[in-house]
Amino acid sequence: MVDTAKKKEKPPVVESLLAPGHRACAGCGEALAARLIMDAAGSNTIVATTTGCLEVFSTPYPESAWKVAWIHSLFENSSAVAAGIEVGLRALGREAGINIIAQGGDGATADIGIGCLSGMFERGHNILYICYDNEAYMNTGVQRSGLTPFDSHTSTSPSGSVSWGNPTEKKPLPQIAAAHGIPYVAVATAGYPVDLQNKVKRALSIKGPKYLQVHVPCPLGWAHKPEDTIEIGRLAVLTGLYPIYEMENGEVTKVRKLGKKRLPVEAYLKPQGRFRHLFAKPEGKEEIKRIQKIADGNIERFGLV
Amino acid sequence: MKRIMEGSMAVAEAVKVCRPHVIAAYPITPQTHIVENLAQMVANGELKSEFVNVESEFGAASVVLGASAVGARTFSASSSQGLLLMGEVLFNIAGMRLPVVLACANRSVSAPINIWNDHQDAAALRDAGIIQFFAEDNQELHDLMIQAYRVAEDPEISLPCIVNLDGFILTHGFEPVEVCDQKLVDEFLPPYKPLNYLDVKNPMTFGALFEPTWYQETRYRIQETMEEAKPLIEGVSKDFEKTFGRFSGGLLEKYRMEDAESVFISMGSVVGTIKDAVDELRKGGEKAGVLKVRVFRPFPTEAIVEALSGVKNVVVMEKMISLGAGGILASEIKQAFYRNPQAPKVDNFIFGLGGRDIPLESIVEAYEKTKKQDNRDVFVDLRKEALEVDY
Ligand SMILES: Cc1ncc(C[n+]2csc(CCOP(=O)(O)OP(=O)(O)O)c2C)c(N)n1
Ligand SMILES: [Mg+2]
């Protein structure tokens, strides 16, 4: 006989809107962030995703990990597809209570899709755009993007006898987004899940275009241990290399302060193979100093200490 | 009552009575008047569509893709460079079986930059899985636009349609047009009822990754649907005739072909000039006729073979070329007759590229040439002076 009384006492099974069993690598920060974001957004959500790891690992037909209404079209157009979804729903009178999320990797967002993204911001669509920033084109084998950090080794910005890796700094995408005059811009990391989910909820409570950039460590592309994903996410913040903050109507309204927890950049660089070359030669010290300068600049600019 | 209007307005008036939920397009000559007209209709409150001003044709196509995926009726329009910039999205729209309807104001493709008419832009999309119509005049254009929605949205078809209209010649050319009555259009074109659409109450995954075990069948299905679309297009034309009292559809149109021995084959507005040429030739005792290809995709292979039964000579005149291979329409006509013992002799000419004027005499001259020699990929009216410069 079934003991119904006992059954009731069991804690409810929390089902995630991004189901397990997908094909992401162990320790994938992008998969972790996506699950947290979907669960914060809830099931009344329609999602448009770009081509990239997230789409590939989650939807090998006839399987799909997505329990929300979900569409993938191309590498560079999730923002425009989401715009079509938004106006389409409005024209059909079905828009009430529905969250629309457009999302994509850093390559899709900062490089090939920036035109469509800018259009989405400019036109004022009620859409939350999420950039999963794993700092390179991971799906195609770790090529550099406009969001690859300075001196990072990637397959198209390799370190070598006359190269320290990626020669450019990260494109300031949150600032570019904010310059469009959109009401909400935020930066988060998979390393601080509660903060990430709070930002998703805050964003979805605001009408208009929103931009959320999420630092998502990639064990394969960054060459760190899969079990260190959360730790790497936190170290990026604690060294000042990836400040996490919120902006409303162009003003920075909240930053995560470092205080006494502040760490030198080596703490973040050392556990990652993509920066290994900086520690292999004595001249690497100078490069690390330059990276420290970037962190110092962030700390001053955002008042992190 | 007929009204005098340019082709761009004939398109806009047709779109208006089809009541799309979402319109997104980007300006490019000679397409621009179409979206300008629609923008004005929305601004005047005559048309209740969401009109999205996008940042590029790529964006325009992506917006209508997203809107179509939630079950909205959509419209976009472009031309030449703009159509090519949409290209990646248009293949995607076809693969996702979304019944987006577009108008293409046909224009040559750069370089060299040239804003005038030929069919090279449409030709570039012939393999995409998009149904393509070519209009001869503004009335046919108006009528085809409305039929295109019926065809695209038919649950058995569910594919995008492009209605082609010759840049400047039709887009900017004024002709009398009978605009379809809204009430009759509502009867002819029921509201779009998608089989599947993005919906939070019934969440589905669109645009999944198809591995080699699954992908090929998706192409097979589109090819199969294209075949099925042929009788359906004919049926929709007949329905249109029943409702509006005008026949302006179907895969082909025959002109003076009853006893014709030599038949021109062409597409678009130039067919009008070719008909005049045929009238001239007939006056001189020639048994000439014209077969107009109104539907380029699906290619009406069987209908063409049937229409040409008993015809000895075929003269293909086209405004497009597969560089390195030759005339596109010609090669498709020739393959339609493969191993057919009744195959006619096929001569083919390339003309009117980049808006080069096509006088009636040039058509007659081409016809005369077919009597003297075989003509394969012969360019009509090449200018010696233009060939002599190094550009
Ligand atoms: C137009 C186009 N160019 C290139 C590609 C190949 N491609 C697919 S995913 C990808 C990189 C994705 O990088 P990102 O957006 O950062 O996502 P990630 O895989 O890193 O999560 C590239 C280059 C493509 N699919 N489409
Ligand atoms: Mg990436």
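So you know, we letter chains A, B, ... as the sequences are listed, proteins then strands, and number each from 1. Everything numeric in this text was worked out from a predicted model, so none of it was measured.
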Practice task
Spell out, as yes or no, whether a donor-acceptor pair under 3.5 Å connects the side chain of A:Arg94 to the backbone of B:Val70.
Solution key: yes
Problem - Portion of A:Val56 that has a non-hydrogen atom of chain B nearer than 4.5 angstrom - result: both
Problem - A:Thr51 OG1 to B:Leu209 CG distance, which is reported to the nearest 0.5 Å - result: 10.0 Å
Problem - Segment of B:Glu211 engaging chain A (4.5 angstrom heavy-atom cut-off) - result: side chain
Exercise for the section: Could you tell me whether a side-chain N or O of A:Asn77 sits under 3.5 Å from a main-chain N or O of B:Ser62, the two making a donor and an acceptor? Expected result: no
Completion exercise
Scored by heavy-atom pairs under 4.5 Å with chain A, the best of B:Ala69, B:Gly66, B:Gly59, B:Ser68 is B:Gly66
Fill in the blank from the handout: If you tally heavy-atom pairs under 4.5 Å between each of B:Val64, B:Val89, B:Asn202, B:Thr213 and chain A, the highest tally belongs to B:Val89
Completion exercise
Greatest number of non-hydrogen atom pairs under 4.5 angstrom with chain B, of A:Ser64, A:Cys116, A:Ala83, falls to A:Cys116
Practice task
Count the heavy atoms belonging to other residues, nucleotides or ligands that lie under 6.0 Å from CG of A:Leu92, then report whether that count exceeds 12.
Solution key: yes
Exercise for the section: Among the options B:Ala208, B:Ala72, B:Gly71, pick out the one with the most heavy-atom pairs lying under 4.5 Å from chain A. Expected result: B:Ala208
Exercise for the section: Find the one option among A:Glu86, A:Lys67, A:Arg90 whose heavy-atom pairs under 4.5 Å with chain B are most numerous. Expected result: A:Arg90
Handout entry: Segment of A:Glu76 engaging chain B (4.5 angstrom heavy-atom cut-off)
Key = both
Problem - Point-to-point distance, once rounded to the nearest 0.5 Å, from CG of A:Leu89 to NE2 of B:His21 - result: 11.0 Å
Handout entry: Which atoms of A:Ser43 approach chain B - backbone, side chain, both or neither, heavy atom under 4.5 Å
Key = backbone
Practice task
Hey, can you tell me if B:Phe210 and A:Tyr61 have their rings parallel, tilted or perpendicular (30° and 60° cut-offs)?
Solution key: parallel
Handout entry: A:Ile85 and B:Leu198, any side-chain heavy atoms less than 4.5 Å apart
Key = yes
Handout entry: Interatomic spacing from CZ in A:Phe75 to CD in B:Glu88 - rounded to 0.5 Å
Key = 10.0 Å
Problem - A:Thr45 versus chain B, the contacting section by heavy-atom distance below 4.5 Å - result: backbone
Practice task
Evaluate the side-chain proximity of B:Phe206 to A:Ser73: yes if any heavy-atom separation is below 4.5 Å, no if none is.
Solution key: no
Handout entry: chain A contact via B:Met96 - side chain, backbone, both or neither, heavy atoms under 4.5 Å
Key = side chain
Practice task
Please round to the nearest 0.5 Å and tell me the distance separating atom CG of A:Leu74 and atom CD1 of B:Ile93.
Solution key: 9.0 Å
Handout entry: Other residues, nucleotides, ligands: >12 heavy atoms within 6.0 Å of B:Glu46 CD
Key = yes
Handout entry: Salt-bridge contact B:Glu50-A:Arg123 (side-chain N to carboxylate O under 4.0 Å)
Key = no
Problem - A:His72 (side chain) donor-acceptor with B:Gly207 (main chain) under 3.5 angstrom - result: yes
Practice task
Please state whether the side chain, the backbone, both or neither of B:Thr205 comes within less than 4.5 Å of a heavy atom of chain A.
Solution key: both
Exercise for the section: Look at atom CZ of B:Arg219 and say whether more than 12 heavy atoms of other residues, nucleotides or ligands are closer to it than 6.0 Å. Expected result: yes
Exercise for the section: Give the minimum heavy-atom separation between B:Pro203 and A:Ala69, together with the two atoms involved. Expected result: CB-N, 3.3 Å
Practice task
Among the options A:Ser58, A:Pro60, A:Ala91, A:Gly97, pick out the one with the most heavy-atom pairs lying under 4.5 Å from chain B.
Solution key: A:Ala91
